Amino acid sequence: MQTHSTFLPPERTLMGPGPSDVNPRILNAIARPTVGHLDPLFIELMDATKQLLQYAFKTENALTMPISAPGSAGMEACFVNLVEPGDKVLVCINGVFGNRMVENVERCGGQAIVIKNDWGKQTDLNAVEDALKKEADIKVLAFVHAETSTGVRNDAKRLCELAKQYDCLSIVDAVTSLGGIELDVDGWGIDAIYSGSQKCLSCVPGISPVSFSDRAVHVIQNRKTKVQSWFLDMNLIVGYWGKGAKRAYHHTAPVNSMYAFYEALLILKEEGLENAWQRHQTGHNELVAGLEGLGLSLAVDAEYRLPQLNVVNIPDGVNDAEVRARLLNDFNLEIGAGLGEFAGKVWRIGLMGYACKPRNIDHCLTSLQKVLK
Ligand SMILES: *Cc1c(COP(=O)(O)O)cnc(C)c1O
């Protein structure tokens, strides 16, 4: 048998589609002593976490809390709680994650009606409105705010207005948007939203914050059928994460990951949401100027590019995999490969959270220059 020893990971610079570089303050927090998941001090931390999360999402929704699992579980939590067999859901697809929403709808027994737009393009608002007009009884409009697979920002504010206008609930994927670009849950009237810990919050992976409007909570409480997932049934989870001192055991929260997640939200609060958004925009402008200086071009229109996820066209004759391998092995730098229709055609350079800073941008540009030469 092989002899095993402690795993000592190298110090990479993470500039892909997530996880992003974790702030050392957060790594420090996760290493603190574990307490019981019903310890009064841990319950205080849960309450404080909910408050900071309301700040980050810009919401007063009472049902705002982290799910003890990655972003995909937050996605599933929104769909399994709001979609019942036979329900119609309009799903906007312009990348990988919209397709996953369709999977979720179908597994809930719902009927997915799909609006498809090209990779690298925004969801077409007119097509969404036409579909909402045509099909009278659509229950939910679902879309991805920041499409990590293509680097496109969808117009969440207008899409939520359309949902309201046609009396639908909205489900919004904010995994890559939270903390990176403007997001206003109450201002935009979002009904159900989920995010992830490891993108612009720069926390360790494995936590998915969610928030549900009172309108969504009313729908969840008045379902005709049981939520088919026991673990993600919000009616049960609120017994553990809900208000008040009387918490009931539902599952064992990942206690130390919650220390980390709280610290990440605290860092965001200290910086200020608007400042964090601005920092991502400034970093993006610097990166783009540098990339263009190297003769590289971006795949997405400037008007709806994500600052935190930059999709770069791979020049003709350049070996995609070899460049990424050299960046990783020689420069300890991770950037992302293209997915789906973009596979082999683009690189995805993340500027997420703690990773969005001048030192990383310089490191990325100088390393790319050396490798491309
Ligand atoms: C990363 C990501 C997810 C999935 O999150 P996991 O934590 O990997 O489960 C979902 N949606 C978008 C837009 C993402 O970028």
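We use all heavy atoms of the structure for the numbers below, so side chains are in, but hydrogens, waters and symmetry mates are not. Everything quoted here is computed from the prediction, not taken from an experiment.
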Per the side chain to side chain contact (heavy atoms under 4.5 Å, CB included) rule, which among [options] passes with [X]?
| X | options | value |
| --- | --- | --- |
| W347 | N313, I314, V311, L291 | I314 |
| S170 | L162, L82, L159, D191 | D191 |
| R348 | V312, N310, T148 | T148 |

Do the side chain of [X] and the main chain of [Y] share a donor and acceptor less than 3.5 angstrom apart?
| X | Y | value |
| --- | --- | --- |
| N319 | A321 | yes |
| E84 | K224 | yes |
| E147 | F97 | yes |
| H363 | F331 | yes |
| N61 | L63 | no |
| S202 | D21 | yes |
| D155 | R158 | yes |
| N81 | I220 | no |
| Y262 | A29 | no |
| H280 | G353 | yes |

[X] atom [atom1], neighbour heavy-atom count above 12 within 6.0 Å:
| X | atom1 | result |
| --- | --- | --- |
| D167 | CG | no |
| R107 | CZ | no |
| Q228 | CD | yes |
| K157 | NZ | no |
| E303 | CD | no |

Task: Check: W241 ring centre within less than 6.0 Å of H251 ring centre - done: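 No: the rings miss the under 6.0 Å criterion.
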Task: Full working for side chain to side chain donor-acceptor pair (under 3.5 Å) between N285 and Q281 - done: CA-CA 6 Å; N285 295 345; Q281 190 59 48; 3.1 Å; yes
For [X] and [Y], which heavy atoms make the closest approach, and how far apart are they?
| X | Y | answer |
| --- | --- | --- |
| I237 | I67 | CD1-CD1, 4.1 Å |
| S195 | A174 | OG-O, 2.8 Å |
| N332 | R12 | OD1-NH1, 2.8 Å |
| L268 | A276 | CD1-CB, 3.8 Å |
| A264 | L201 | CB-O, 3.6 Å |
| L183 | S177 | CD2-OG, 4.3 Å |

Task: Path from I267 to L178 over hydrophobic side-chain contacts below 4.5 Å - done: no
Open item on the list: When you group the ILVMFWY residues by side-chain heavy-atom contacts below 4.5 Å and let the links chain together, are V346 and M15 in the same group?
Closed with: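 No, because M15 and V346 fall into different hydrophobic clusters, even though each may have its own neighbours under 4.5 Å.
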TODO: Check the pair Y194 / E76 against side chain to side chain donor-acceptor pair (under 3.5 Å), numbers first and verdict last.
DONE: CA-CA 9 Å; Y194 58 92; E76 194 143 341; over 6 Å; no
For [Y], is there an ion pair with [X] - N to carboxylate O distance below 4.0 angstrom?
| X | Y | value |
| --- | --- | --- |
| R247 | D47 | yes |
| D233 | K226 | no |
| E274 | K58 | yes |

Open item on the list: What verdict does the side-chain contact (heavy atoms from CB on, under 4.5 Å) test give for T64 and K50, after you've listed the backbone C-alpha separation in whole Å, the side-chain angles of each residue and the deciding distance to 0.1 Å?
Closed with: CA-CA 6 Å; T64 301; K50 282 161 59 177; 5.7 Å; no
